[in-house]
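Worksheet: one structure, shown below.
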2 protein chains.
Amino acid sequence: MIFSSKAEYGVRLMVELGRQRPEQPTSLKAIADAEGLPLAYLEQVVAKLRRAGLVMSARGAHGGYWLSRPAEEIAMDEVVQALEGSIAPMECFVHDNTERVLCSHQPDAGRGCATKLLWTRVQGGIIRSLQNTTLAELVQFAGRHGPEPVSVVERVPAAEPVASAFRAA
Amino acid sequence: MIFSSKAEYGVRLMVELGRQRPEQPTSLKAIADAEGLPLAYLEQVVAKLRRAGLVMSARGAHGGYWLSRPAEEIAMDEVVQALEGSIAPMECFVHDNTERVLCSHQPDAGRGCATKLLWTRVQGGIIRSLQNTTLAELVQFAGRHGPEPVSVVERVPAAEPVASAFRAA
DNA sequence: CCTAACCCGACCTTCCTGGTAGGATTTGTC
DNA sequence: GACAAATCCTACCAGGAAGGTCGGGTTAGG
């Protein structure tokens, strides 16, 4: 697998936020219920997005999260980068700023790294795909067949088993 | 990380075979020594390549492996596919031949999968990058000395450093 | 018949992923 | 002011896969 579930959950979370109007913050619980994801785990995911400046938050009652920018201006490479830490096809490509030796398997001296060209191209292909996709596109794609976004105002505070009922089938 | 070390080792192995003349098979031990990789592990790696029909082998004394086709005719998507099993950015995209639905986190009924569009594009970007690279290119690239490869390497139009982020722990 | 090599499957250990637990803090509402 | 709803933070943990190792079997040249 290429991306972890943090990326999957984080993108879903961003899409969910993109469906809301930013005036009213959306609580994590609403998102967790809508997507069927564990709330405690989502907290860790959204923390990465917040630290990356992609979402903003308000604490306390009626707090929640919202996009820090309009969805049209959020390219998905930022999102995935924030969630995954780095977009690297291979160990050697994770160059943190420290100076540690990254490519452990050097061939004979004088020869270049046999795989560098390949992974560089792959990385480029991935990043270009992500850059060329905006959050707004995903929101539109996800909402195409669907009903209204979950309104914070109209939301029934009690149990709303609609989603889980359909998920079982 | 996107690809496992099996992919790294397998590609190196293929490059090494591409450097040899196919008339004489190359023993795994020679490759293991040249690349500094554990022989026993390479055996597992090369088995995948053999089962995929990318290399051929001869047993017994003076046996070894060689490319089943010229390096110019081997696209790297075949190689990586053989080594990794499948090139899938997310769980949902690993479709074994059965047609079961693997996406466990369906949103509300009537809505499409929010992330499908994104991962489809990413997968396309990866596969295209791999298809457009032949083993022969890697052989040539590895044989070169200094880092002249600016003309060869695809340019990533990213303005910011791509894999520079720390892995947020 | 011995040795170099391929072939095969079982095992093992470490690390990361995915998730839980439990609390501390902030803030609107009654 | 008490309470509840929510964000925030850190530690912990179980399972599985990654990345190997090991031991042996089979094939073929000298």
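A quick note: this is a predicted structure, and the numbers were derived from the prediction, not measured. Order of the sequence lines fixes the chain letters, A, B, ..., with proteins taken first and strands second; residue numbering starts at 1 for each chain.
Look at CD on B:Glu8: it is 16 Å from C1' on D:dG20, rounded to the nearest Å. Following rounding to the nearest Å, A:Arg51 (CZ) and D:dT7 (C1') show an atom-to-atom distance of 13 Å. Between the CG atom of A:Leu39 and the P atom of D:dA5 there is a distance of 13 Å, rounded to whole Å. What separates NZ of B:Lys48 from P of C:dC6 is a distance of 18 Å, to the nearest Å. Atom CD1 in B:Ile2 sits roughly 13 Å away from atom P in C:dT17 (whole-Å rounding). The separation between A:Gln24 atom CD and D:dA6 atom C1' is 15 Å, rounded to whole Å. When rounded to the nearest whole Å, the span between CG of A:Asp33 and C1' of D:dA6 equals 14 Å. For the pair A:Leu42 CG and C:dG19 C1', the computed distance is 11 Å after rounding to whole Å.
Heavy atoms of B:Arg50 sit under 4.0 angstrom from primed sugar atoms or phosphate atoms, though from no base atom. Among the atoms of the strands shown, only primed sugar atoms or phosphate atoms (P, OP1, OP2) are found under 4.0 Å from some heavy atom of A:Ala58.
Under the rule for a salt bridge (charged side-chain N to carboxylate O under 4.0 Å, His left out), B:Arg51 has no partner lying at least two apart in sequence or in another chain.
In this structure, B:Glu43 does not pair ionically with B:Lys48, as no charged nitrogen and carboxylate oxygen lie closer than 4.0 Å.
The shortest side-chain heavy-atom distance between A:Ile31 and A:Val46 does not fall under the 4.5 Å cut-off. In this structure, the side chains of A:Cys113 and B:Arg12 come closer than 4.5 Å at one or more pairs of heavy atoms. Under the 4.5 Å side-chain criterion, counting only non-hydrogen atoms from C-beta, B:Phe141 is not in contact with B:Thr133. Under the 4.5 Å side-chain criterion, counting only non-hydrogen atoms from C-beta, A:Lys116 is not in contact with A:Arg121. Between A:Val79 and A:Leu135 the shortest side-chain heavy-atom distance does not fall below 4.5 Å.
Phosphate proximity of C:dG19 to A:Tyr9: present, with a side-chain N or O under 4.0 Å from OP1 or OP2. Applying the 4.0 Å criterion to OP1 and OP2 of D:dC8, one finds that A:Ser57 has a side-chain N or O inside that range.
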Would you mind writing out the side-chain donor-acceptor pairs for residues 81-89 of chain B within the sub-3.5 Å range, not counting sequence neighbours?
| residue | atom | partner | partner atom | Å |
| --- | --- | --- | --- | --- |
| B:Glu84 | OE2 | B:Ser4 | N | 3.1 |
| B:Glu84 | OE2 | B:Ser4 | OG | 2.7 |

Let me have the donor-acceptor pairs involving side chains of residues 52-68 of chain B, under 3.5 Å, with sequence neighbours excluded, atom names and distances please.
| residue | atom | partner | partner atom | Å |
| --- | --- | --- | --- | --- |
| B:Ser68 | OG | B:Gly53 | O | 2.7 |
| B:Ser68 | OG | B:Leu54 | O | 3.0 |

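Counting non-hydrogen atoms of neighbouring residues, nucleotides and ligands closer than 6.0 angstrom, the CD atom of A:Glu73 exceeds 12 such neighbours.
Donor-acceptor pairing under 3.5 Å, judged by distance alone, is present between the side chain of B:Gln44 and the base of D:dT21.
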Nucleotide-resolved protein contact map, nucleotides 24-30 of chain D, B/S/- at heavy-atom distance under 4.0 Å: -BBBBS-
Under 4.0 Å protein heavy-atom contacts per nucleotide of nucleotides 13-18 of chain D, with B for base, S for backbone only and - for none: ------
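Each end of the helix from C:dC1-D:dG30 to C:dC30-D:dG1 yields a helix axis from five base pairs, and these two axes differ in direction by 0° (to the nearest 10 degrees).
Of the possible donor and acceptor atoms, none in the side chain of A:Ser5 sits under 3.5 Å from a partner among the backbone N and O of A:Glu8.
Residues B:Thr134 and B:Glu72 have side chains that never bring a donor and an acceptor to within less than 3.5 angstrom of each other.
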